[in-house]
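Taking it in order: structure first as structure tokens, then the write-up.
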Protein chains: 2
Amino acid sequence: MSKSSVVELQVVDEAVAPCCPPLTERPLTAEESERTAKMFKALGDPVRLRLFSLVASHEGGEACVCDISDVGVSQPTVSHHLKKLKEAGLLASERRGTWVYYRVEPSVLAAMGKLLAAPASA
Amino acid sequence: MSKSSVVELQVVDEAVAPCCPPLTERPLTAEESERTAKMFKALGDPVRLRLFSLVASHEGGEACVCDISDVGVSQPTVSHHLKKLKEAGLLASERRGTWVYYRVEPSVLAAMGKLLAAPASA
DNA sequence: CAGCGATATCGACAAACGTCGAATCAGAAG
DNA sequence: CTTCTGATTCGACGTTTGTCGATATCGCTG
């Protein structure tokens with residue numbers, strides 16, 4: 001409705017929570033699992049994982065949809081997957097004129113990395 | 001084809017490959033995405049993620065099925081999910097007498113952690 | 001061998017998912 | 001205002017997934 005609101009980079013902040021000690025440290029509660037699994041599930045599709053890596057590795061940490069649409073599926077499907085990644089809290093989107101840019105939510109990447117961090121050695 | 005010499009804990013070695021530079025470094029190829037997404041997908045279910053964390057955090061790095069079966073689903077379902085985790089290369093199983101023990105495939109944990117490692121965020 | 005407890009497999013079913021083409025929305029440009 | 005291009009939404013479809021109860025397998029033990 002509003003032509004340009006204050007919020008450009010909107011995310012589902014519910015999923016961005018600092019959830020999770022390392023998996024090797026203590027078992028996750030049912031609730032933690034529920035929340036965290038959504039992120040893993042979001043990366044559990046080949047096309048989405050590829051889109052995510054395309055955004056993550058793009059210069060400036062963001063990428064226009066038009067730059068990452070060549071992943072072998074139709075454009076509506078790309079849009080659908082980007083939406084899923086956004087809903088999982090992994091990506092944020094911003095419209096700039098004609099194009100829409102996606103960028104990685106950095107805190108989430110760090111959180112997931114920490115989650116999988118191995119205790120150095122056995 | 002398996003590179004392992006002394007295999008007592010059998011895994012699907014296809015998925016254990018060292019696949020993957022950090023996601024922020026360069027876009028994954030279609031093939032890399034296909035392979036890596038399977039691991040994320042395996043952790044993309046709440047019950048499976050919980051089972052995995054239960055095994056990962058258990059003393060000795062392994063757990064008997066009987067110790068981790070209380071996750072709110074039926075016993076066949078637990079078995080089904082453990083199989084999925086095994087097929088994804090995340091867990092290995094070993095039968096010792098009456099009980100079956102599962103343990104985390106350590107190299108895979110490290111690989112996934114590296115994959116999500118953030119570039120120190122400037 | 002018969003029985004028992006622990007896991008795994010099977011078969012079925014509802015729900016969720018990935019995909020597409022068609023239609024719609026949002027800015028930019030004539 | 002009309003048109004054009006980029007992106008999202010909609011509706012439909014076949015496939016995959018998570019779950020269960022019933023059944024089978026494996027090892028131990030009497």
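Letters go in sequence order (proteins before strands), and every chain restarts at 1.
- In this entry the distance linking CG of Leu43(A) with P of dG18(C) reads 12 Å, nearest Å.
- Between Thr98(B) and dA6(C) there is no side-chain N or O to OP1 or OP2 distance below 4.0 Å.
- Of the two residues near DNA chain C, Thr77(B) and Gly72(A), the one whose nearest nucleotide lies more 5' is Thr77(B).
- Minimum atom distance to the side chain of Arg95(A) is reached by dA26(C), of the listed dC17(C), dG21(C), dA26(C).
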Inset, instruction - Walk me through it: do Val104(A) and Leu90(A) pass the test side chain to side chain contact (heavy atoms under 4.5 Å, CB included)? - result: CA-CA 6 Å; Val104(A) 173; Leu90(A) 295 171; over 6 Å; no

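- Residues Glu62(A) and Arg96(A) are paired through a salt bridge, judged by an N-O separation under 4.0 Å between the basic side chain and the carboxylate.
- Of the candidates Asp45(A), Val73(A), Val71(A), Ile68(A), Val71(A) is the only one forming a side chain to side chain contact (heavy atoms under 4.5 Å, CB included) with Arg50(A).
- Taking the side chain as every heavy atom from C-beta outward, Tyr102(B) and Lys86(B) approach each other to under 4.5 Å.
- Within the 4.5 Å cutoff, no side-chain heavy atoms of Arg95(B) are placed close to those of Ser93(B).
- The shortest distance between side-chain heavy atoms of Met39(A) and Leu43(A) does not fall below 4.5 Å.
- A heavy atom lying under 4.0 Å from DNA chain C marks the following residues of residues 46-57 of chain A, by number: Val47(A), Arg48(A).
- In this structure, the side chains of Leu116(B) and Phe40(B) come closer than 4.5 Å at one or more pairs of heavy atoms.
- On the nucleic acid side, DNA chain D contacts chain A at distances under 4.0 Å to non-hydrogen atoms, with the end points of that region at dG6(D) to dT9(D).
- Toward the 5' end of DNA chain C, the nearer of the two residues Tyr102(B) and Asp45(A), judged by each one's closest nucleotide, is Tyr102(B).
- Here the OG1 atom belonging to Thr24(A) is positioned 9.0 Å from the CG atom belonging to Leu115(A), to the nearest 0.5 angstrom.
- Following rounding to the nearest Å, His80(B) (NE2) and dG11(C) (P) show an atom-to-atom distance of 15 Å.
- Between Lys84(B) and Pro76(B), it is Lys84(B) whose nearest contact on DNA chain D lies nearer the 5' terminus.
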